[in-house]
Amino acid sequence: MDEDDHILPKDFPELKNDTFLRAARGEEVEHVPVWCMRQAGRYLPEFREFRAGKDFFETCRSPEDCCELTLQPLRRFPFDAAIIFSDILVVPQALGMDVQMVAGKGPTFPEPLKEPDDLQRLRSKVDVASELGYVFRAITLTRHKLEGKVPLIGFSGAPWTLMSYMIESGGSTTHSKAKRWLYRHPEASHALLKRLTDVIVDYLLGQVKAGAQALQVFESHAGCLGPVEFKVFALPYLRDIARRVKDRLKESGLDNVPMIVFAKDGHYALEDLSQSHYEVVGLDWTIDPCVARQRTGGKVSLQGNTDPCALYATKECISEIVKTMVEAFGTRGYIANLGHGLYPDMDPESVGAFVEAVHTHSRRLLNHK
Ligand SMILES: Cc1c2[nH]c(c1CCC(=O)O)Cc1[nH]c(c(CCC(=O)O)c1C)Cc1[nH]c(c(CCC(=O)O)c1C)Cc1[nH]c(c(C)c1CCC(=O)O)C2
């Protein structure tokens with residue numbers, strides 16, 4: 001047995017940089033914290049080298065590999081947070097579904113859910129400790145190996161986004177198979193969303209117990225719903241997750257952790273999202289920062305929202321874009337990030353320029369107050 005198998009979720013090294021956590025809670029900071037979605041990814045040559053020839057979910061099931069991939073971007077850039085290397089699709093796997101990562105195609109479900117009867121194929125009770133214990137072990141190991149440098153973020157996919165993958169089998173532009181369920185089988189849809197919610201609550205709680213210091217919930221497929229469907233099939237479950245995770249943390253005598261909801265292309269729901277028990281609302285790049293501030297009324301911290309493609313610009317341009325963004329969001333209650341994940345063809349130097357620009361411009365603004 002590897003010595004890491006004995007690593008326990010206690011006696012973690014003291015946190016040295018809590019800027020991200022303070023910004024999430026709307027407290028004062030010395031600079032605006034920054035991290036990037038998909039910061040552990042294929043744009044890094046060391047990531048490509050490490051992952052070469054290995055199955056994606058095999059990697060996800062190895063705590064040592066997840067730890068190494070989580071730490072890689074932090075060795076290069078002064079990010080203010082780490083996000084555990086894993087994937088949102090480990091939850092459908094825990095429910096008993098087969099998911100493959102196909103090179104050049106992305107995630108694929110060989111036997112997707114087709115009709116409500118297919119729900120019987122799902123495990124009726126999911127013991128997250130045994131099905132997803134490998135993620136908890138990855139988090140605990142990474143918390144130790146991070147040496148308190150920055151906080152570690154855990155995450156999950158949101159119920160609607162996971163449901164759409166389980167029905168579509170993979171990526172889709174219309175999501176029409178999954179949306180068909182919403183209109184044709186609303187009861188079965190709610191049954192599935194409820195089951196996903198129950199697993200996600202246990203899963204997120206387990207991540208905090210294992211050492212996650214913040215949680216992000218990815219509603220990546222909010223954009224294919226409209227405001228009415230979102231209110232019925234997404235928002236109630238997102239709310240339920242935040243409320244139940246917070247209640248359960250309290251019951252367990254654990255400290256609250258900041259929770260981030262990222263509903264991509266879901267700004268039609270911004271007001272609702274800002275009142276759904278999450279401390280932070282993540283934004284994609286299609287919304288103006290000032291409008292987002294207005295519509296969320298200072299109730300929550302905001303995270304985002306540089307267009308990932310802005311990283312194809314020159315260093316000087318990136319700096320200007322970041323300056324405008326930080327000035328618009330303001331330095332309080334703000335976490336800089338991209339509006340979605342980094343792409344594999346991006347230049348690591350541009351990521352470095354982005355991080356540096358956030359720190360430099362925000363420090364300048366804060367020093368002039
Ligand atoms: C929808 C979604 C997925 N996974 C995730 C989402 C939500 C965020 C979003 O909206 O993008 C979340 C995710 N996936 C991954 C992370 C790790 C942490 C990080 O952000 O650095 C996170 C937070 C690793 C990953 N997950 C995946 C990769 C790339 C594949 C590889 O490493 O071999 C990584 C680094 C694979 C994956 N996983 C998924 C897709 C669509 C793909 C294929 C993407 C592609 O091929 O470009 C599902």
Side-chain angles (χ1 to χ4, degrees), residues 34-62 65-77 79 81-93 97 99-109 135 138-139 142 150 152-166 168-173 175 178 200 203-204 207 212 214-224 260-266 282-286 303-305 308 337-346 348 351:
V34 55
W35 67 283
C36 288
M37 290 188 269
R38 286 282 161 91
Q39 65 191 30
R42 286 167 293 180
Y43 74 103
L44 289 176
E46 59 271 32
F47 178 96
R48 296 195 296 270
E49 194 184 317
F50 193 86
R51 288 260 310 103
K54 287 187 215 162
D55 175 70
F56 179 77
F57 288 110
E58 207 65 57
T59 304
C60 289
R61 282 189 284 270
S62 159
D65 287 3
C66 291
C67 175
E68 167 58 22
L69 293 172
T70 304
L71 297 179
Q72 279 184 348
L74 294 154
R75 295 191 190 112
R76 277 192 188 243
F77 314 113
F79 283 127
I83 181 160
I84 192 67
F85 178 86
S86 187
D87 200 81
I88 61 167
L89 300 176
V90 298
V91 166
Q93 286 176 335
M97 292 192 81
V99 191
Q100 312 279 342
M101 194 60 70
V102 180
K105 191 170 165 213
T108 307
F109 290 64
V135 180
I139 288 174
T142 307
V150 292
L152 180 61
I153 306 170
F155 70 90
S156 172
W160 158 246
T161 295
L162 295 180
M163 169 180 169
S164 73
Y165 268 112
M166 290 159 81
E168 295 289 341
S169 161
S172 159
T173 41
H175 298 268
I200 291 165
Y203 181 44
L204 290 174
Q207 294 189 42
L215 297 169
Q216 175 153 323
V217 178
F218 287 93
E219 189 71 282
S220 302
H221 297 171
C224 64
I260 309 164
V261 60
F262 175 62
K264 184 165 181 294
D265 296 317
L283 303 167
D284 62 65
W285 65 93
T286 61
Q303 173 176 281
N305 74 340
N337 202 315
L338 302 173
H340 203 197
L342 285 159
Y343 302 140
D345 68 349
M346 280 171 170
V351 177

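Order of listing sets the numbers, starting from 1, for every ligand and every atom in it. In this chain, numbering begins with 1 at the start of the sequence shown.
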Applying a 4.0 Å heavy-atom criterion (strictly less than), which segment of [X] is in contact with ligand 1: side chain, backbone, both, or neither?
| X | value |
| --- | --- |
| Gln216 | neither |
| Ser86 | backbone |
| Thr161 | neither |

Non-hydrogen atom of [X] closer than 4.0 Å to ligand 1:
| X | result |
| --- | --- |
| Phe47 | yes |
| Lys264 | no |
| Phe262 | no |
| Gly341 | no |

(message) Any carboxylate oxygen within less than 4.0 angstrom of a Lys/Arg side-chain nitrogen, looking at Arg51 and Glu68?
(response) no
(message) Any salt bridge linking Glu46 with Arg76? Criterion: basic side-chain nitrogen under 4.0 Å from a carboxylate oxygen.
(response) yes
(request) For residues Pro73 and Tyr43, determine if any side-chain heavy atom of one lies less than 4.5 Å from a side-chain heavy atom of the other. (result) yes
(message) Using side-chain heavy atoms (C-beta onward) and a distance below 4.5 Å, is Phe218 in contact with Met37?
(response)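 Side-chain contact under 4.5 Å: yes.
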(request) Please state whether the rings of Phe56 and Phe85 are parallel, tilted or perpendicular, taking 30° and 60° as the class boundaries. (result)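 It falls in the perpendicular class, over 60°.
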(request) Return the orientation label for the His221 and His175 ring planes: parallel under 30°, perpendicular over 60°, tilted otherwise. (result) tilted
